[in-house]
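Read through the structure below, which is laid out as structure tokens, and then see the notes.
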There are 2 protein chains.
Amino acid sequence: MMSCDSDVLFRILADPTRRLILDLLAERGPLTVGQLASEFPDLVASGISKHLMSLRAAGVVSATRRGRQQIYQLEPDALAAGLTPWIAKYEQYWSAALERLRDLAQEDRAKDGHTSRKNIRRKRVK
Amino acid sequence: MMSCDSDVLFRILADPTRRLILDLLAERGPLTVGQLASEFPDLVASGISKHLMSLRAAGVVSATRRGRQQIYQLEPDALAAGLTPWIAKYEQYWSAALERLRDLAQEDRAKDGHTSRKNIRRKRVK
DNA sequence: ATAATACATTACTGTATGGTAATGTTTTGC
DNA sequence: GCAAAACATTACCATACAGTAATGTATTAT
């Protein structure tokens, strides 16, 4: 009934198959429908196609044709733009988790070869 | 079918009424079922009660009895713990949005801060 | 003791939607 | 030109679930 701004986003993310599709696109970059469908052995291809259409309608993925195949690609800005307002309302509660998240990412970046920036410290919040 | 860790959380958040309940608890602190139900004029009270039960089952809220009324309260850690792993997978994409979010929160705090804190400088950390 | 309040619980219902199957539409390969 | 490949689209089905209504259970008030 109530139709919030991020309503569509949350409904999209409610389905595990759709989340997994987003995960695959995030991990492996742009993929065709067939490549994505092959990741779901116990699912029919047209089902994946339907999911992709709804993801596209929500704006979280985009597609470009190449010959007879469509290449789907994550649209991360739409995801962020749609979810950030909601997250912002809980910002005070998320602080700790976000800090940990940020630190983890920092470690990952450090582990990824780049130089030691380990003495960089973030602003303290609260 | 696929049952991820944050699966329950996303299903919980998919419903706008449930999200609004969480919003109310976040904004106004602990509330009784009646107080919450009164915020949904076009909804029957038992419906809200059911939503609260599922929220409780998911661990995102907790309840304490006081006399004949239950006081529901947000359990923010559960929310953060459940959603952070998922967010982490998209961390590279979220960075910008999270930075903006953090800055906004900073501004808000500065704005509603009491007058005398105007010139208080945050600790500079390299 | 009785009634009313404040929820919880159960049973029921209508609808939304994830999934399949079948068909349609381009594009490529031969 | 013909067949197959790669998706999109449509129709259909079965289940999940949000919402209501009715009933149950403590707790407070009188």
Side-chain angles (χ1 to χ4, degrees), chain A residues 1-4 6-25 28 30-74, chain B residues 1-4 6-25 28 30-74:
Chain A
M1 222 163 230
M2 227 261 115
S3 184
C4 182
S6 44
D7 207 29
V8 184
L9 253 296
F10 276 108
R11 278 233 313 268
I12 286 289
L13 293 176
D15 184 68
T17 302
R18 243 136 38 196
R19 286 204 309 279
L20 194 37
I21 289 177
L22 293 179
D23 288 354
L24 289 167
L25 292 178
R28 315 231 282 254
L31 293 173
T32 70
V33 180
Q35 289 171 326
L36 284 168
S38 70
E39 296 291 326
F40 299 86
D42 48 350
L43 238 64
V44 166
S46 71
I48 303 299
S49 182
K50 263 178 54 175
H51 278 306
L52 286 169
M53 296 308 285
S54 56
L55 287 168
R56 207 164 76 103
V60 293
V61 303
S62 63
T64 65
R65 297 197 50 123
R66 189 166 65 188
R68 61 180 157 182
Q69 55 194 3
Q70 297 255 25
I71 304 181
Y72 279 84
Q73 172 180 357
L74 192 64
Chain B
M1 229 165 224
M2 227 269 123
S3 183
C4 183
S6 44
D7 207 28
V8 183
L9 253 294
F10 276 108
R11 279 230 317 265
I12 285 290
L13 293 175
D15 184 68
T17 301
R18 242 133 44 193
R19 287 203 309 280
L20 195 36
I21 289 177
L22 294 179
D23 288 355
L24 288 167
L25 292 177
R28 315 231 282 254
L31 294 173
T32 70
V33 180
Q35 289 172 325
L36 284 168
S38 70
E39 294 291 325
F40 300 85
D42 48 350
L43 238 65
V44 166
S46 72
I48 303 299
S49 181
K50 263 179 52 176
H51 278 306
L52 286 170
M53 296 308 286
S54 57
L55 287 168
R56 208 165 76 104
V60 292
V61 303
S62 63
T64 66
R65 297 196 50 126
R66 189 165 63 186
R68 60 184 156 180
Q69 54 195 4
Q70 297 254 24
I71 303 180
Y72 279 84
Q73 171 180 357
L74 191 63

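Within every chain, numbering begins at 1; the chains are lettered A, B, ... in the order of the sequence lines, protein sequences first and strands thereafter. Side chains are part of it too, since the values below use all heavy atoms of this structure and drop only hydrogens, waters and symmetry mates.
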In whole angstroms, how far is the C1' atom of D:dC17 from the CZ atom of A:Arg11?
-> 13 Å

With distance as the sole test, does A:Arg28 use its side chain to make a donor-acceptor pair with the main-chain N or O of A:Asp23 at under 3.5 Å?
-> no

Under 3.5 Å: donor-acceptor pair, side chain of B:Ser6, backbone of B:Leu9 = no

Derivation of the side chain to side chain contact (heavy atoms under 4.5 Å, CB included) call for A:Leu55 and A:Tyr72 | CA-CA 10 Å; A:Leu55 287 168; A:Tyr72 279 84; over 6 Å; no

Measure the distance from CZ on B:Phe10 to C1' on C:dG18 and round it to the nearest whole Å.
-> 18 Å

Atom pair distance, as rounded to whole Å: CD1 in A:Ile21 and P in C:dG19 | 9 Å

Whole-Å distance separating the CG atom of B:Leu36 from the P atom of C:dC7 = 9 Å

Side-chain heavy atoms of A:Gln70 within contact of A:Thr64, under 4.5 Å | no

Heavy-atom nearest nucleotide on DNA chain C taken for A:Arg66 and for A:Val44; more 5' hit belongs to A:Val44

Assign a letter to each nucleotide of nucleotides 3-11 of chain D from its 5' end: B, base within under 4.0 Å of a protein heavy atom; S, sugar-phosphate only; -, no contact.
-> -BBSSBBB-

A:Asp7 atom CG is separated from C:dT17 atom P, nearest whole Å, by 10 Å

Looking only at atom types and distance, does a side-chain atom of B:Glu39 sit under 3.5 Å from a main-chain N or O of B:Leu36, one as donor and one as acceptor?
-> no

Measure from the side-chain N and O atoms of A:Arg18 to the backbone N and O of A:Ile12, and report whether any donor-acceptor pair falls under 3.5 Å.
-> yes

Looking across every strand, which nucleic acid part, if any, lies under 4.0 Å from A:Arg18 by heavy atom: base, sugar-phosphate, or nothing?
-> sugar-phosphate

Quickly work out the A:Phe40 CZ to C:dG19 C1' distance and round it to whole Å.
-> 13 Å

When you check the phosphate oxygens OP1 and OP2 of C:dT17, does a side-chain N or O of A:His51 lie under 4.0 Å from one of them?
-> no

Let me know the distance between CG of B:Asp15 and C1' of C:dA16, rounded to the nearest Å.
-> 12 Å

